[in-house]
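Beneath this line is the structure, given in structure tokens, with notes to follow.
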Amino acid sequence: MNSRWLNRFIALAGIALAGAMALNASSFPERAAAAARYVHFLAATMTLFSVILLLQSFRPHAPSQVEWVRARKPFLAAVAGLLCYVPLLSILGFFPASFVFMTATGRLLGFRNLKFLFLGTGGTLLFIYVVFVRFLQVPVPTGLIGG
Amino acid sequence: MFSTILDASMHLLNPLVLASILAGTIGGILIGAIPGLTATMAVALLIPVTFGMDPIMGLALLGGVYSGGMYGGAISSILLSTPGTPAAAATAFDGYPLTRQGKGGLALAVATVASFWGGIISTFALLLIAPLLASVALRFGPPEYFLLAIMGLASIVTLTSGNLIKGLLSGLLGLILAAVGMDPIAGYPRFTAGIIDLYEGIAFMPALIGLFSVSQILELTADSQIVQELATDVTKLKRSRMPKGLSGTISRGGFVGTLVGILPGAGATIAAFISYNMAKQVSKNPESFGKGNPVGVAASESANNGCVGGSLVPLLTLGIPGNSVAAALMGGLMIQGLIPGPELFTRYGTVTYAFILSLFLANIFFLVIGLYCAPFFARVATVPNSILIPGIAVLSVIGSYAIHNSLFDVWLMLAFGIGGYFLDRAGLSLGAIVLGLILGPIAELGFGQSLIISRGSPFIFFDRPICIAIWILIALLVLPALKGGFMKRQRRVEGEEGNEVN
């Protein structure tokens with residue numbers, strides 16, 4: 001996708017969002033009149049800027065290509081790791097889930113020294129336990145098995 | 001007054017009080033440097049600890065956490081483009097590019113010195129002119145607050161390095177996201193899709209961590225390290241000179257931070273953005289901002305630390321906290337039986353002035369710690385990304401979970417992170433979205449209350465003296481940027497026409 005088509009897409013999405021907001025605000029009850037007024041103000045401003053962006057996209061200039069992902073494999077590995085990590089937190093609990101996530105993602109991202117990876121992960125989690133959990137009493141997810 | 005100050009300064013010579021300030025400052029720096037863990041959280045967590053302590057020692061500890069936490073946010077902002085605190089968001093604009101150029105140590109030194117002077121200026125203001133400054137803040141009503149939010153948003157025009165309209169759309173997107181949940185006047189829930197977790201609005205910290213931290217680690221996946229090798233200036237930091245010409249920027253930032261800090265609700269983040277914007281406006285080389293200009297780091301850091309003293313002015317004199325950390329600190333005062341008001345400066349003068357003077361010491365402590373430890377902090381940038389990415393992700397999870405003990409917030413952080421990455425790639429400004437999120441509640445409350453007062457007439461935003469002054473400031477912020485953008489476009493069109501002729 002080039003920048004010209006991207007800007008058109010953003011402008012149209014902005015107009016659609018503004019329209020949906022204005023429509024939704026019209027159904028606000030009488031007591032929420034101030035809230036409706038503010039939403040209409042936001043929707044009107046959004047429409048104005050989106051229309052300007054749309055008009056800008058028709059100006060003659062050479063569009064550039066949009067690069068969504070610079071390195072696909074490590075990007076997908078990181079996203080997949082994060083998407084698996086959060087459900088794992090609610091099952092295993094913070095520390096076991098974090099150990100699995102940190103070692104697996106580190107490995108997938110290309111860290112080869114397994115000994116250092118395990119020791120580093122263990123050290124980081126120990127630091128988090130001592131400073132955050134014991135000293136500052138910051139809560140962490142416990143999970144189904146209470147980890 | 002001077003005898004009370006002298007008496008208070010004697011209390012600070014107590015080694016236990018000095019140790020409390022040092023411990024608070026170090027703890028504050030560490031907490032501030034970790035994305036998602038804010039000085040507010042640290043102060044709130046420490047209040048029960050100070051209950052059994054001597055009032056001066058307890059308050060000095062909390063003051064150290066506040067000052068250190070405000071400075072600590074700059075460390076991760078500069079080294080990882082992940083602001084440790086929201087107030088350090090503007091620091092990343094130039095701090096992180098400096099790190100990528102191998103000048104992370106220099107950026108940290110500039111941030112340390114600027115934070116120190118910002119803190120000193122604001123503490124002097126707190127000490128000497130607190131009651132006078134507080135009376136100015138009392139004259140701000142809803143229309144002034146709405147325009148203050150608009151002024152903050154106006155700074156987007158200079159924060160945006162690419163398409164100006166996309167920058168403004170980003171700010172609006174932030175305002176729209178801030179409108180999710182119950183409206184602040186009638187409590188009517190909007191745009192929640194029936195999700196109960198969204199009734200109180202989008203939690204700010206998960207959104208901030210997602211936009212600045214997770215989107216950044218996804219960006220980092222393309223490189224093996226943030227920088228392959230740090231420049232020699234990091235290891236030879238003590239011998240390297242600070243860039244010249246920063247004193248004006250730092251002084252201005254300190255005063256901006258103090259003034260904005262005094263206004264309840266405005267806060268250090270807005271101060272940092274306004275100061276950054278002003279520095280860019282007066283610069284002879286504005287296009288270098290956002291690409292690693294130390295002036296940008298100095299402007300935002302002096303302003304956010306300038307807010308520390310400023311936010312305590314209305315707290316100590318009127319019992320109105322200037323921001324969330326000051327609100328938490330109010331709990332620290334109350335737990336010691338100290339009720340904010342004139343009595344704090346008379347009956348409890350020794351404790352109050354000792355607390356204020358302890359902020360000077362906290363600033364000196366973080367100056368020494370910051371300058372001495374900067375080379376070690378800067379080495380974080382050479383850690384392989386395959387280690388750094390999972391580590392930051394884990395800290396981001398802790399930060400977003402800890403506020404409400406909610407896994408929903410962790411999912412929210414992830415959604416903002418992945419969404420933010422693609423918005424950034426699409427040319428939208430994540431900084432502007434965050435600014436919109438911060439200013440949204442202030443803007444909406446000010447807008448709604450103003451129109452209720454005026455019975456729907458928008459002229460209320462134009463017929464009050466402070467409103468007119470703010471409009472003039474907005475014009476001063478926006479017009480030069482628009483003029484600059486217009487001239488740049490003209491030059492590009494002329495260039496294209498020239499190419500066609502050739």
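Letters go in sequence order (proteins before strands), and every chain restarts at 1.
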So what's closer than 4.5 Å to chain A heavy atoms on [X]: side chain, backbone, both or neither?
X         : value
Leu218(B) : both
Val397(B) : side chain
Ile185(B) : side chain
Ile418(B) : side chain
Leu451(B) : both
Gln449(B) : neither

- Task: Test side chain to side chain contact (heavy atoms under 4.5 Å, CB included) on Lys166(B) and Phe49(A) and set out the steps.
- Result: CA-CA 8 Å; Lys166(B) 276 175 149 176; Phe49(A) 288 141; over 6 Å; no
Can you tell me which portion of [X] sits under 4.5 Å from chain B's heavy atoms? Options are side chain, backbone, both or neither.
X         : value
Leu108(A) : neither
Thr103(A) : neither
Leu6(A)   : side chain
Ser90(A)  : both
Val39(A)  : side chain
Leu42(A)  : both
Phe28(A)  : both

- Query: Should the heavy atoms of other residues, nucleotides or ligands under 6.0 Å from CH2 of Trp5(A) be counted, would the total exceed 12?
  - Reply: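 No.
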- Message: Are more than 12 heavy atoms, taken from residues, nucleotides or ligands other than Glu30(A), located less than 6.0 Å from that residue's CD atom?
- Response: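 Open.
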So which of [options] has the largest heavy-atom pair count under 4.5 angstrom toward chain A?
options                                    : answer
Ile217(B), Ile176(B), Val214(B)            : Ile176(B)
Ala426(B), Ala393(B), Ala179(B), Ser406(B) : Ala426(B)
Leu414(B), Val394(B), Asn405(B), Asp183(B) : Val394(B)

Specify which of [options] makes the most heavy-atom pairs with chain B at under 4.5 Å.
options                                  : answer
Phe101(A), Phe116(A), Phe9(A)            : Phe101(A)
Leu53(A), Thr121(A), Leu83(A), Leu117(A) : Leu53(A)
Leu17(A), Leu125(A), Thr124(A), Asn7(A)  : Asn7(A)
Pro29(A), Ala20(A), Gly110(A)            : Pro29(A)
Leu82(A), Thr105(A), Val66(A)            : Leu82(A)

Without swapping roles, check the side chain of [X] against the backbone of [Y] for a donor-acceptor pair under 3.5 Å.
X         : Y         : value
Tyr188(B) : Ala33(A)  : no
Arg31(A)  : Ala186(B) : yes
Arg37(A)  : Gly448(B) : no

Euclidean distance, [Y] [atom2] relative to [X] [atom1], rounded to 0.5 Å:
X         : Y         : atom1 : atom2 : answer
Ser57(A)  : Asn163(B) : OG    : CG    : 10.0 Å
Ile389(B) : Met102(A) : CD1   : CE    : 12.0 Å
Leu428(B) : Ile10(A)  : CG    : CD1   : 4.5 Å
Leu395(B) : Ser98(A)  : CG    : OG    : 9.5 Å
Gln56(A)  : Ile165(B) : CD    : CD1   : 5.5 Å

- Kindly indicate, with the supporting measurements, whether the criterion side chain to side chain contact (heavy atoms under 4.5 Å, CB included) is fulfilled by Val410(B) and Tyr85(A). CA-CA 10 Å; Val410(B) 181; Tyr85(A) 179 37; over 6 Å; no
- Do the ring planes of Phe422(B) and Phe75(A) sit parallel (below 30°), tilted (30 to 60°) or perpendicular (above 60°)?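 Plane angle over 60°, so perpendicular.
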- Could you go through the side chain to side chain contact (heavy atoms under 4.5 Å, CB included) check for Arg70(A) and Glu219(B) one step at a time? CA-CA 8 Å; Arg70(A) 282 197 295 147; Glu219(B) 184 68 40; 3.2 Å; yes
- For residues Tyr38(A) and Ala443(B), report the shortest heavy-atom separation together with the two atoms involved.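 That would be OH-CB, 4.0 Å.
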- Message: Tell me which pairs pass salt bridge (charged side-chain N to carboxylate O under 4.0 Å, His left out) where either residue lies in residues 105-133 of chain A, with sequence neighbours left out.
- Response: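 Salt bridge (charged side-chain N to carboxylate O under 4.0 Å, His left out) check on residues 105-133 of chain A returns no pairs.
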- Message: side chain to side chain contact (heavy atoms under 4.5 Å, CB included) for Lys73(A) and Thr221(B)? Distances and angles first, verdict last.
- Response: CA-CA 9 Å; Lys73(A) 207 175 156 187; Thr221(B) 53; over 6 Å; no
